Amino acid sequence: QVQLVESGGGLVHPGGSQRLSCAASRNIFGITVFSIKDLGWYLQAPGNQRELVAAISPDGSTNYTDSVKGRFTISGDNAKTMVYLQMNNLKPEDTAVYYCNAVPYTDRCWGQGTQVTVSS
């Protein structure tokens, strides 16, 4: 059963910005799970493995891969039902389908993702 819904993707020019949102079931991102697992955004380019690029811990601390550090910001709401990814200074190599999930991920909770295409 899909329990996560990503939105906010689309076509954007290089250097532009985009804000992604993830609506999460409290069964996944609720306090019980959140107390154990971090939350994260993953991306997957066609033919490639899904890759974690941003994560946020219950205490609010964040971590990013080098490829997005300084450009992307992950955040969550106090109710633990929404996760956001603010994407700035987008590059063509950021083009991918973006997913949210716990960290480590839970296989059954993957949503459809949201496509982000960066092109001039």
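Everything quoted here is computed from the prediction, not taken from an experiment.
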### Query
Do Leu20 and Glu6 have side-chain heavy atoms sitting under 4.5 Å apart?
no
### Message
I want to check something: taking the side chain as every heavy atom from C-beta on, are Tyr105 and Asp107 in contact at a cut-off of under 4.5 Å?
### Response
yes
### Message
Check whether Asp77 reaches the backbone of Met82 with its side chain - one donor and one acceptor, N or O, closer than 3.5 Å.
### Response
yes
### Check: Thr95 side chain, Val118 main-chain N or O, donor-acceptor pair, under 3.5 Å
yes
### Message
Using modelled atom types and a 3.5 Å cut-off, is there a donor and acceptor pairing between side-chain atoms of Trp41 and backbone atoms of Thr73?
### Response
no
### Query
Side chains of Leu90 and Ser17: closer than 4.5 Å at any heavy-atom pair?
no
### Summary
CG of Asn48 to CZ of Arg50, rounded to nearest 0.5 Å, is 12.0 Å
### Message
If I compare all heavy atoms of Val103 with all of Ala55, which pair ends up nearest, and what's the gap?
### Response
CG2-CB, 4.3 Å
### Task
Drop me the distance from Ser57's OG to Asn63's CG, to the nearest 0.5 angstrom.
8.0 Å
#### Entry: Test item: Gln115 side-chain N/O and Gly9 main-chain N/O as donor-acceptor pair under 3.5 Å
no
## Note on the structure
Heavy-atom closest pair (Ala96 atom, Ala45 atom, distance to 0.1 Å) is CB-N, 4.0 Å
### Query
So do Leu4 and Asn101 actually touch side chain to side chain, heavy atoms under 4.5 Å?
yes
### Query
For the residue pair Tyr99 and Trp110, is the inter-centroid distance of their aromatic rings smaller than 6.0 Å?
yes
### Query
Is Ile74 close to Val83 at the side-chain level, that is, under 4.5 Å between some pair of heavy atoms?
yes
#### Entry: Member of Ile56, Asp38, Leu39 meeting the side chain to side chain contact (heavy atoms under 4.5 Å, CB included) criterion with Thr62
Ile56
### Task
Would you check if there is a donor-acceptor pair between the side chains of Thr117 and Ser119 at a distance under 3.5 Å?
no
### Query
Taking atom CD of Glu51 and atom OH of Tyr42, what is their separation to the nearest 0.5 Å?
11.0 Å
### Query
What do you reckon, is CD of Glu93 surrounded by more than 12 foreign heavy atoms closer than 6.0 Å?
yes
### Query
Where do Arg71 and Asp94 land on the side chain to side chain contact (heavy atoms under 4.5 Å, CB included) test, with the steps shown first?
CA-CA 11 Å; Arg71 301 187 298 118; Asp94 296 322; 2.8 Å; yes
